[in-house]
Q: 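The following block contains the structure, expressed as structure tokens.
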Amino acid sequence: MKRLVPVLGALVLVAAVVAIVVWQRPDSKAALDPSGDVVLQYADGSQLWRMGDPETPVTMQVAAELSAKGVSLEQLRKDGGAIVVTTIDRRAQNGAAEVIRTVSAGEPASLRYSISAVDPNNGAVKAYSPGNDPAFDYAGGVLKEPGSAFFPFAAVAAQQTGKKLEEVGNESVVHAARQAGVPETVVVGGKETKLFGDETKVRPFDLAAAYATLAAEGLRRDAHFVTHVTDVNGTTLYRAETKGVPAFDPDPRRSKDIANLVTAALRGDAVCGRVPSDIACRHGEWRFEQGRVGHAWMVTYSPRISVSVFVGSAQPGTPAVDRDGNAVTGPGLPDRLWDEFEQKLTQW
């Protein structure tokens, strides 16, 4: 009997080690105890958030998306817990935040920023960096005039209607934008708002999602934050749909042709001319009284990523100026943010 004691002790130790290893595996069915924990993971399986932690703009977007699909975080908790695997790429997310932090250093405190990135091949949101102001979400929590960043949708509408660009009406442009993926309604500040009502405004995030359709050669895939959800037993409760549908014409070839013609035009932009040939871009500004700039854009895409960069004034009606007192324009701060973010993406 005494000889069995060390053996039993060793077995207990082995069992404990195995249990710890299983607990630490992100894809394990035993990754949660029955306490009702809901864990959000990055795309690589590392932890992004655990229920009870302070909410962030990213986790709020995830929660809103799940609720819209009938899978609320609260219900998951009541049902014993779950693992929510998000689309967010940890390195891209951290890289976007670092770029904003670095570029904004020394710039006027009145400026606000955001970087959103979507994978055109499946609609996965790879990065969602809402800016340097913790009180606001400048990626998906504000509505801003797109200005000339809406040019691609005017170009789409021109092809669809057979009209010249200057002849295309606003209704046709809005229709093309919706076909590309700009939603009809969004929730901003807890309030559901219809886009393109009295004013033409979008969330900065919406531009990354809509340009992704151009990057995908006319195939629209819904931009989404969640890949799949599993319960404590590993059973899949939800999985995102990533199949693309022709956006600009029922005929896939026609939709592809329309998108590729717009892409060819955007690749001819002088600002894009200094970057690899597979990258298209559109920069622009929104101006108010006396031509003063309120905010500026740089929206770019390639076959692998669509990125929207926003820089603007925190106060409506106040000009957005840089450290030198110059108006913020697309080829300025927004372009610098995108350039540094793109460099980080190519390093991985």
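Quick caveat, the model's predicted, so the values are computed rather than measured.
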Q: So, for V168 and A154, which heavy atoms are closest and what is the spacing to 0.1 Å?
A: CG2-O, 4.2 Å
Q: Looking only at heavy atoms, what is the nearest atom pair of P152 and R282, with distance?
A: CD-CG, 4.3 Å
Q: Can you measure from CD1 (I100) to CG (D133) and round to the nearest 0.5 angstrom?
A: 11.5 Å
Q: Ignoring hydrogens and angles, tell me if any N or O in the side chain of R323 forms a donor-acceptor pair with the backbone of A105 under 3.5 Å.
A: yes
Q: What is the distance from atom CZ of R203 to atom CG of L195, rounded to the nearest 0.5 Å?
A: 7.0 Å
Q: Main chain of G330, side chain of E285: is a donor-acceptor contact present, judged purely on distance under 3.5 Å?
A: yes
Q: Can you tell me how far the CG atom of D322 sits from the OG atom of S104, to the nearest 0.5 Å?
A: 13.0 Å
Q: How are the rings of H295 and W286 set relative to one another: parallel (under 30°), tilted (30 to 60°) or perpendicular (over 60°)?
A: parallel
Q: Does the side chain of V186 come within less than 4.5 Å of D206's, by heavy atoms?
A: yes
Q: Does the S129 side chain pair with the main chain of I115, one donor and one acceptor, at a distance under 3.5 Å?
A: no
Q: Could you tell me whether E241 and K243 make a salt bridge, using a distance below 4.0 angstrom between a side-chain N and a carboxylate O?
A: no
Q: Rounded to the nearest 0.5 Å, what's the gap from OG1 on T236 to NE2 on H228? Could you check?
A: 6.0 Å
Q: Kindly assign one of parallel, tilted or perpendicular to the pair F153 and F150, based on the angle between their ring planes and the thresholds 30° and 60°.
A: perpendicular
Q: Treating Ile, Leu, Val, Met, Phe, Trp and Tyr as nodes and any side-chain heavy-atom pair under 4.5 angstrom as an edge, say whether Y42 and M51 lie in one connected cluster.
A: yes
Q: Quick check against the 3.5 Å criterion: does S308 have a side-chain atom that pairs as donor or acceptor with the backbone of F205?
A: no
Q: Could you tell me whether R77 and E74 make a salt bridge, using a distance below 4.0 angstrom between a side-chain N and a carboxylate O?
A: yes
Q: Show your working on side chain to side chain donor-acceptor pair (under 3.5 Å) between Y128 and Q61 and close with a plain yes or no.
A: CA-CA 10 Å; Y128 186 86; Q61 289 291 338; 3.1 Å; yes
Q: What's the verdict on side chain to side chain donor-acceptor pair (under 3.5 Å) for E171 and H175, showing C-alpha distance, side-chain angles and the deciding distance?
A: CA-CA 6 Å; E171 185 176 338; H175 178 67; over 6 Å; no
Q: Which heavy atom of W49 sits nearest a heavy atom of P54, and at what distance?
A: NE1-O, 3.2 Å
Q: Taking R112 for the side chain and A109 for the main chain, is one N or O donor matched with an acceptor at less than 3.5 Å?
A: yes
Q: Any heavy-atom pair between the side chains of I305 and F341 that's under 4.5 Å?
A: no
Q: Is there a path from V229 to V125 through hydrophobic residues (I, L, V, M, F, W, Y) whose side chains come within less than 4.5 Å of each other?
A: yes
Q: Taking OH in Y238 as the centre, count heavy atoms belonging to other residues, nucleotides or ligands within less than 6.0 Å. Is the count above 12?
A: yes
Q: Taking all heavy atoms of I258 and all of Q159, pick out the closest pair and write down the distance.
A: O-NE2, 3.2 Å
Q: Do Y138 and Y113 sit in the same hydrophobic cluster, where Ile, Leu, Val, Met, Phe, Trp and Tyr count as joined when their side-chain heavy atoms come under 4.5 Å apart?
A: no
Q: What is the minimum heavy-atom distance between S116 and A139, and which atoms define it?
A: OG-CB, 3.6 Å
Q: To the nearest 0.5 Å, what is the distance between CG on L76 and CG on L66?
A: 7.0 Å
Q: Quick one, S114 and F310 - any side-chain contact, counting heavy atoms below 4.5 Å?
A: yes
Q: May I ask you to test the N170-F196 pair for a side-chain heavy-atom distance under 4.5 Å?
A: no
Q: Less than 4.5 Å apart, any side-chain heavy atom of W297 and any of P204?
A: yes
Q: Are S255 and R220 side-chain neighbours, meaning at least one heavy-atom pair lies under 4.5 Å?
A: no
Q: Could you walk me through whether Q75 and D79 pass side chain to side chain donor-acceptor pair (under 3.5 Å), step by step?
A: CA-CA 6 Å; Q75 189 59 51; D79 291 343; 3.0 Å; yes
Q: Tell me whether D53 is salt-bridged to R50, with the criterion being a basic N under 4.0 Å from an acidic carboxylate O.
A: no
Q: Report yes or no: do M60 and L40 belong to one cluster of Ile/Leu/Val/Met/Phe/Trp/Tyr joined by side chain heavy-atom distances under 4.5 Å?
A: no
Q: Determine whether a donor-acceptor pair (N or O, by modelled atom type, separation under 3.5 Å) exists between the side chain of W338 and the backbone of V307.
A: no
Q: Rounded to the nearest 0.5 Å, what separation is found between the CG atom of N260 and the CD atom of E217?
A: 4.5 Å
Q: Taking all non-hydrogen atoms of both residues into account, name the closest pair between F248 and A259 and its distance.
A: CE1-CB, 4.1 Å
Q: If you draw a 6.0 Å radius around CD in Q315, do more than 12 non-hydrogen atoms from other residues or ligands fall strictly inside?
A: no
Q: Does the pair E65/K69 count as a salt bridge with the N-to-O cut at 4.0 Å?
A: no
Q: Might you confirm whether atom CD of E289 has over 12 heavy atoms from other residues, nucleotides or ligands at distances under 6.0 Å?
A: no
Q: I'd like to know if the side chain of N233 and the backbone of T235 have a donor-acceptor N/O pair within less than 3.5 Å.
A: no
Q: Under 3.5 Å, is there a donor-acceptor pair between the side chain of T346 and the main chain of Q343?
A: yes
Q: Is a side-chain N or O of N121 found less than 3.5 angstrom from the main chain of P303, in a donor-acceptor match?
A: yes
Q: When you measure from the side chain of T86 to the backbone N and O of Q41, does any donor-acceptor pair fall under 3.5 Å?
A: yes
Q: How about P334 and V328: do any of their side-chain heavy atoms sit closer than 4.5 Å?
A: yes
Q: Within a strict 4.5 Å, meaning less than it, do heavy atoms of the V142 and V188 side chains meet?
A: no
